[in-house]
Number of protein chains: 2
Amino acid sequence: MRPDDLPEMRELEPFKSMREENFAELMHAAFLQNFPAQVQLITEGDHADFLFVVIEGCVELYAQANGREAVLAMVRPIGSFILAAVMKDAVNLMSARTTGKSRILMIPAQNIRAAFEKDDAFARAIVIELAGYFRAVVKEYKNLRLRTAVERLANWLLKYHKDQGAEGMVELPYDKRTLASILGMTPENLSRAFGTLKPYGVSVNGGRVKLDDLESLEVLAKPNVLIDERTT
Amino acid sequence: MRPDDLPEMRELEPFKSMREENFAELMHAAFLQNFPAQVQLITEGDHADFLFVVIEGCVELYAQANGREAVLAMVRPIGSFILAAVMKDAVNLMSARTTGKSRILMIPAQNIRAAFEKDDAFARAIVIELAGYFRAVVKEYKNLRLRTAVERLANWLLKYHKDQGAEGMVELPYDKRTLASILGMTPENLSRAFGTLKPYGVSVNGGRVKLDDLESLEVLAKPNVLIDERTT
DNA sequence: ACACGCACTTGATTTTTGTCAATTATGGAA
DNA sequence: TTCCATAATTGACAAAAATCAAGTGCGTGT
């Protein structure tokens, strides 16, 4: 790949802080691939051979055990995944599949690690990146431990409502079965959770959710910066 | 503090990789404190002013919301906590309290960040440290999402059984209410979970648990390296 | 338009987990 | 030792969530 094919990559942490020559070298080793929907990119337990960067489309990170499956996160442009496994030269803890047509940059793990050894600024940027990832999972964990399913949905709605301009409307970014799994519940339970939120001004119409009474929804949800805030 | 007061600190990642002068400087800025049991060391939401290193004793990391409380982790010698918050110069996502008499090293956050800027090897060691933390939380998250309470207990027993020499006996390292919270259940439920494990050769006597039928316990638990292994 | 498949919903039921209350250990301190 | 506070257990019950089984609705392709 040519280093200037993806100017937005250069703007992305942790690549922003890299020395030009190291960035160029990394990009030369990388592959930019187009994938259709529902392609398995990595499987949990496999060795992490690439760092993945989602340039376009959407990727679902999930895990399986005991006949159960859980969606752990969705990665949208421009976001990377399995950085921790790459840095530790270890196996993936999650699987990944595209949920729609996607354009994905694959950077060989050994090149990432080589750049990490060579480029001090890159190494430091990765610290901040990983610290952010760590804190994001801790928040997800707290969300699951400290809230019921209805509370998780209510807070999810408030968060995405703010993201989407806070105009009394939330557009669901994925289908409901995926949303249910992200929120740690079954699709049936998500339907019912929407039902219990009706008295709080929440009305669903396909992928559109109308929020008519934010005050009472917030009373129910009790949003918490130490769980819901993305940047904190 | 004198740099040679704690030789074991020097052996600990990420301090092992530090240049001698930087380590000495860090240690000079640090405080070694003795705390009795049940002392609140940090509170979630407060700014992270110190990196904590448990030298002796035990510290409980926990979080609260919606009138609920969850123990997220126990830190034993020699382990550190809130590294991510220190690196990001952010607020703590968890609270911490001593569970018994403890000796704790407190290193001012700005000194950690200064050493991080100055010492390239230290910066790189922190990457590995944080990547390990990240993967540990992901495993905890998967444990919670993909297993029932009884399965979590069964796997916890198998893990600690191996830790303690695999001699058919597990000594509980903390009281049962704490263990219950670590496993994401109520104390009442933990009692009942021990009850359901009785047919699988599990018998409890105070803080001692006897495992008489590891084979059938493993059939029930279905241990998974991508959840239960500490190092992977 | 029609039929088909699929996502979603709804209802009935079970399982799992939490809550409340009452007992029963258990481990110091006097 | 006895007493006391606390931890742990047990039972009855309630709530939350999962499961199973129909249904409904909706968009696509023919």
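Numbers restart at 1 for each chain; the letters A, B, ... are given by sequence-line order, proteins then strands.
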Trainee: Take atom CG of L172(A) and atom P of dA7(C), then tell me their distance rounded to the nearest Å.
Mentor: 15 Å
Trainee: Quick check: on DNA chain D, is the nucleotide nearest T178(B) upstream (toward 5') of the one nearest R192(B), or the reverse? Name the residue that is more 5'.
Mentor: T178(B)
Trainee: Is E151(A) salt-bridged to K142(A), cutoff N-O under 4.0 Å?
Mentor: no
Trainee: Please give, in whole Å, the distance from dT16(C) P to N66(A) CG?
Mentor: 13 Å
Trainee: Rounding to an integer number of Å, can you tell me how far N189(B) CG sits from dA14(D) C1'?
Mentor: 13 Å
Trainee: Of the candidate nucleotides dA18(D), dG18(C), dA17(D), which contains the atom at the shortest distance from the side chain of M185(B)?
Mentor: dG18(C)
Trainee: Please give, in whole Å, the distance from dA7(D) C1' to L190(B) CG?
Mentor: 12 Å
Trainee: Rounded to the nearest angstrom, tell me the gap between atom CG in L144(A) and atom P in dA17(D).
Mentor: 10 Å
Trainee: In whole Å, what is the span from the CD atom of E69(A) to the C1' atom of dA18(D)?
Mentor: 16 Å
Trainee: Would you find a donor on one side and an acceptor on the other, under 3.5 Å apart, between the side chain of R152(A) and the backbone of G184(A)?
Mentor: yes
Trainee: Record whether the side chain of R145(A) comes under 3.5 Å of the base of dT17(C) through a donor-acceptor pair of N or O atoms.
Mentor: no
Trainee: For the pair made of CG in L179(B) and P in dA7(D), what is the distance, rounded to whole Å?
Mentor: 15 Å
Trainee: Within the modelled atom types, does a donor on one side and an acceptor on the other bring the side chain of E188(A) and the base of dC8(C) under 3.5 Å apart?
Mentor: no
Trainee: Describe, in one word, how the ring planes of F50(A) and F31(A) are oriented to each other, choosing from parallel (under 30°), tilted (30 to 60°) and perpendicular (over 60°).
Mentor: perpendicular
Trainee: Quick test of your reading of the model: are R147(A) and D228(A) salt-bridged, counting only N-O distances below 4.0 Å?
Mentor: yes
Trainee: Which part of the nucleic acid, if any, lies within contact of R177(A), taking any heavy atom under 4.0 Å across all strands shown: a base, the sugar-phosphate backbone alone, or nothing?
Mentor: sugar-phosphate
Trainee: With respect to the side chain of S191(B), which nucleotide from dA18(D), dT10(D), dC8(C) is positioned closest?
Mentor: dT10(D)
Trainee: Under 4.0 Å between any heavy atoms, over every strand shown, what does T186(A) touch: base, sugar-phosphate, or nothing? Just pick one.
Mentor: base
Trainee: Hey, does D175(A) reach any base, or is it just sugar-phosphate, or nothing, if we go heavy atoms under 4.0 Å?
Mentor: sugar-phosphate
Trainee: Could you state the CZ-P distance from R147(B) to dT17(C), rounded to the nearest angstrom?
Mentor: 13 Å
Trainee: Less than 4.0 angstrom from a charged side-chain N to a carboxylate O is my criterion; do R76(B) and E56(B) meet it?
Mentor: no
